[in-house]
There are 2 protein chains.
Amino acid sequence: MKPNHDFTSKLKQAGIRVTPQRMAIYSLLMDYKNHPTAFMIYEQIRENFPSISLMTVYNTLNMLADRGLINVLGHAGDDSVHYDADIEPHVNLACISCHNIVDINSKYVNQMTNEINSTSGYQLFGARVLFYGNCPACQNQSRSH
Amino acid sequence: MKPNHDFTSKLKQAGIRVTPQRMAIYSLLMDYKNHPTAFMIYEQIRENFPSISLMTVYNTLNMLADRGLINVLGHAGDDSVHYDADIEPHVNLACISCHNIVDINSKYVNQMTNEINSTSGYQLFGARVLFYGNCPACQNQSRSH
DNA sequence: TTGTTATTTTATAATTATTATAATATTGTA
DNA sequence: TACAATATTATAATAATTATAAAATAACAA
Ligand SMILES: [Mn+2]
Ligand SMILES: [Mn+2]
Ligand SMILES: [Zn+2]
Ligand SMILES: [Zn+2]
């Protein structure tokens, strides 16, 4: 596996040792925009990396989250935690039928973040902004059942 | 237990049978503003209602959430789900040290909600807006350790 | 009020996402 | 290359949540 210097330097900067497993997990989360769960990541990576264990996926995700390199979105109508490599505050839109999560642009998120940063008195680490409902595809399915 | 007609009518409107347990759970969540977990609710209610079971708390919370009467906030640095009786989109502020969640006013939340409602194409049921960091009290504790 | 039926509560067991452990393997470094 | 610190893996344990089914209760009609 050839080292991807983008990820390598990011991990090193955060004081995390570079391993093939961590590179694979981190870069998958950066490349795919689908806000996966630990198990979804595990299944994807296993195709190119058959010996990886689910424990390594959890360890890596926890480590990346602790250092602030990724964001923990929480549940999306299912019962496992979804992750997001985009740590800039932004609006996520979850479908509680198909459990997909997509990003959506909003011009108000930055203003809201600045407002909370300056007025709350909290030392902020991140934001979890998630609206939920039914996506267009799932609305059609339930209409024509 | 005397019936509280506010909650009674709300439950009836939602097609939910009125029971003392459900009244206790729903009104506790409305009265306390601390965004509790199922177990925290269970412990509180048990003081005046010694025979209640944790299963009833989960059943009721799931039912209220399904009907849109309460909001599911998700984890707050711990590993159990927090609930909120305030279903209007608003900013929640979680401390990842002490796991307390408080509300904070923001003038941008409503604008953001309207924006997403009109542009997303999703049939929206609710929002989970949660910023996380260290609260002032926990900042002081870690400074003077 | 009383009887009837559907629903709810409860105790209990089962499930499952996540974490802990400890032996083996790998990384960073000299 | 060799060493020490750290990571990975297989496995077992934990704990939040859900499933089940018998007993209790709410709604409602006679
Ligand atoms: Mn996102
Ligand atoms: Mn709130
Ligand atoms: Zn959908
Ligand atoms: Zn705190």
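Just so it is clear, the model here is predicted, and its values are computed rather than measured. Letters A, B, ... are given to chains in the order of the sequence lines, protein chains preceding strands, and every chain is numbered from 1.
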Hey, does S51(A) reach any base, or is it just sugar-phosphate, or nothing, if we go heavy atoms under 4.0 Å? sugar-phosphate

Would you say dT8(D) has OP1 or OP2 under 4.0 Å from some side-chain N or O of R17(A)? no

Reported CG-to-CG distance for the pair N92(A) and L73(A), which is rounded to 0.5 angstrom: 4.5 Å

Opening and closing nucleotides of DNA chain C in contact with chain B, under 4.0 Å to non-hydrogen atoms: dA6(C) to dA11(C)

Pair I41(B)-L61(B), side chain to side chain contact (heavy atoms under 4.5 Å, CB included): steps then yes or no: CA-CA 10 Å; I41(B) 294 171; L61(B) 291 170; 4.0 Å; yes

The residue, K12(B) or F39(B), whose nearest nucleotide of DNA chain D is more 5′ is F39(B)

Stepwise side chain to side chain contact (heavy atoms under 4.5 Å, CB included) test for N59(B) and M55(B): CA-CA 6 Å; N59(B) 279 341; M55(B) 187 72 250; 3.3 Å; yes

Short of 4.0 Å, heavy atom to strand atom, which residues of residues 70-83 of chain A count as contacting DNA chain D? none

Using atom types as modelled and distance alone, determine if a side-chain donor or acceptor of E115(B) lies under 3.5 Å from a backbone N or O of K107(A). yes

Is the backbone N or O of R128(B) less than 3.5 Å from a side-chain atom of R128(A), with the two atoms forming a donor-acceptor pair by type? no

Distance, rounded to the nearest Å, where N59(B) contributes CG and dT25(D) contributes C1': 15 Å

Ignoring hydrogens and angles, tell me if any N or O in the side chain of R22(B) forms a donor-acceptor pair with the backbone of T60(B) under 3.5 Å. no

Rounded to whole Å, please give me the gap between CZ in R22(A) and P in dT6(D). 11 Å

Here the distance between atom C1' of dT8(D) and atom CG of L54(A), to the nearest Å, is 13 Å

Please determine, by modelled atom types, if H82(A) and D84(A) share a side-chain donor-acceptor pair under 3.5 angstrom. no

Taking any heavy-atom pair under 4.0 Å as a contact, classify T56(A): base, sugar-phosphate, or nothing. base

Does E88(B) have more than 12 heavy atoms from other residues, nucleotides or ligands lying within 6.0 Å of its CD? no

Of T37(B) and T19(B), the one whose closest DNA chain D nucleotide lies more 5': T37(B)

Do the rings of Y108(A) and Y108(B) sit parallel, tilted or perpendicular, given the 30° and 60° boundaries? parallel

